[in-house]
Amino acid sequence: MSTITTPETPGAAPLSTENPAATHTDQANQATAMHALEARYGASWHAPLPAWNATLDSLLAHRSVRNYTNQPLPAGTLETLIAAAQSASTSSNLQTWSVIAIEDPERKARLSKLAADQSQIREAPLFLVWLADLNRLEAAAQRTGASAEGLHYLETLFVGVIDAALAAQNAVVALESLGMSSVYIGAIRNQPEQVAAELGLPPRVLPVFGLCVGYADESRPAQVKPRLPQPVVLHREQYDAPSQQDGIAQYDDVMGAFQNAQGLSAAGWTSRSLARWRSRESLHGRDRLRDALQALGFELR
Ligand SMILES: Cc1cc2nc3c(=O)[nH]c(=O)nc-3n(C[C@H](O)[C@H](O)[C@H](O)COP(=O)(O)O)c2cc1C
């Protein structure tokens, strides 16, 4: 039986969508949920609806925002976001990540230059740079005379990058729940050594991505961007490559229409995505990430 809870009462007993006594409010909430799911896929939703709540509303409404007002963030926002970030799971509780909060307009401008001159870095009141941080535990090893040979393996860098990503995404969920918006900045890896110098990073600390945080300028609105149909990404029991073709073709149409509505050329998803991998140059400097990592002290054994 499909059920739904009201966004106003998360955790309340699920409401039956098949219950003849369902109220107008239940129906309105179901309509809200359906609308959110259909916006997320740019297609109609056919699976039964489970219980629904404000968390799902907020997750489904995510959109990256690249235009911000100059409204400052309320006092304590940064600390609240970091508490949410630190609440994410972390491999073996190693907590191999750090974050640098940048509000100084001049530093944001310099970082923007290093990250493909993206104006949103200058515009957002807060720019967070999330770091895979192997230095903290290395310093602890040095203090205590312990061996830290494991530090030098690719696996350990993976741990730091994964930890940083999970923490950052918790912050994104938190800030969106507070009515703020953000956009990740992978271009912070275009010139990692220069970013490391700007931020005074010690060895074995990698800038993984940036995150612009602020209030969306709704005079220049961003829309929810549809995602691949679920059968393309959701495999049951074993990976199923052949059956993905139909879903991808369908998504190319959905994204073509979305891009059209945005005033962009309706290239579709496949060709736009493949353009990112067309050549070494299309990696915008990140083709030399291995060299940059070695310069930052990662041996990558
Ligand atoms: C790790 C990561 C790096 C990204 N880097 C950039 C970036 O440098 N500039 C940018 O404008 N958007 C960047 N994005 C945002 C993506 O383009 C965006 O999430 C994607 O197009 C989906 O759109 P949505 O977030 O609005 O749903 C990045 C996203 C992620 C997860």
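Counting convention: from 1, in listed order, for ligands and their atoms alike. On a predicted model such as this, the values are computed, not experimentally measured, just so you know. Sequence positions, counted from 1, serve as the residue numbers for this chain.
The aromatic rings of Phe209 and Tyr184 sit perpendicular to each other, their planes meeting at more than 60°, with 30° as the lower class boundary.
Put simply, CG on Asn260 and CE on Met255 are 11.5 Å apart, with the number rounded to the nearest 0.5 Å. Atom CG in Leu206 sits 8.0 Å away from atom CG in Leu131 (nearest 0.5 Å). The structure places CG of Leu49 at 11.0 Å from CG of Asn29, a figure rounded to the nearest 0.5 Å. To the nearest 0.5 Å, the span separating OG1 on Thr156 from CD on Glu138 amounts to 11.5 Å. For the atom pair CD of Gln230 and NE2 of His235, the computed distance is 11.5 Å after rounding to the nearest 0.5 Å.
For atom 21 (O) of ligand 1, the nearest non-hydrogen atom of the protein is Lys225 NZ, 2.6 Å. Of all protein heavy atoms, the one closest to atom 1 (C) of ligand 1 is Phe209 CD2, 4.0 Å. Nearest protein heavy-atom contact of atom 7 (C) of ligand 1 is Tyr184 O, 3.4 Å. Annotation: atom 22 (C) of ligand 1 to nearest protein heavy atom, Arg227 NH1, 3.6 Å. Distance from atom 19 (O) of ligand 1 to its nearest protein heavy atom, with residue and atom name: Ser64 OG, 3.4 Å.
Shown in contact with Arg63 at under 4.0 Å from a heavy atom are these atoms of ligand 1, numbered in order with element: 26 (O). Residue contact check: Gly186 has heavy atoms under 4.0 Å from atoms 3 (C), 4 (C), 5 (N), 6 (C), 7 (C), 8 (O) of ligand 1. Residue-ligand proximity, Arg66 to ligand 1, at heavy-atom distances under 4.0 Å covers atoms 10 (C), 11 (O), 12 (N), 15 (C), 16 (C), 17 (O). Below 4.0 Å from some heavy atom of Ala187 lie the following atoms of ligand 1, by number and element: 8 (O).
For His284, no heavy-atom contact with ligand 1 is shorter than 4.0 Å.
For the pair Arg276 and Ser282, the minimum side-chain heavy-atom distance is 4.5 Å or more. Residues Glu123 and Arg66 have side chains not in contact (no heavy-atom distance under 4.5 Å, counting atoms from C-beta outward).
Counted by atom type alone, Thr90 and Asp163 present one or more donor-acceptor pairs between their side chains at under 3.5 Å.
In this structure, Gln120 is part of the shell of residues with a heavy atom less than 4.0 angstrom from ligand 1.
On a distance-only criterion, His62 and ligand 1 share at least one N/O pair closer than 3.5 Å. Taking any N or O of Gln118, backbone or side chain, at least one lies under 3.5 Å from an N or O belonging to ligand 1.
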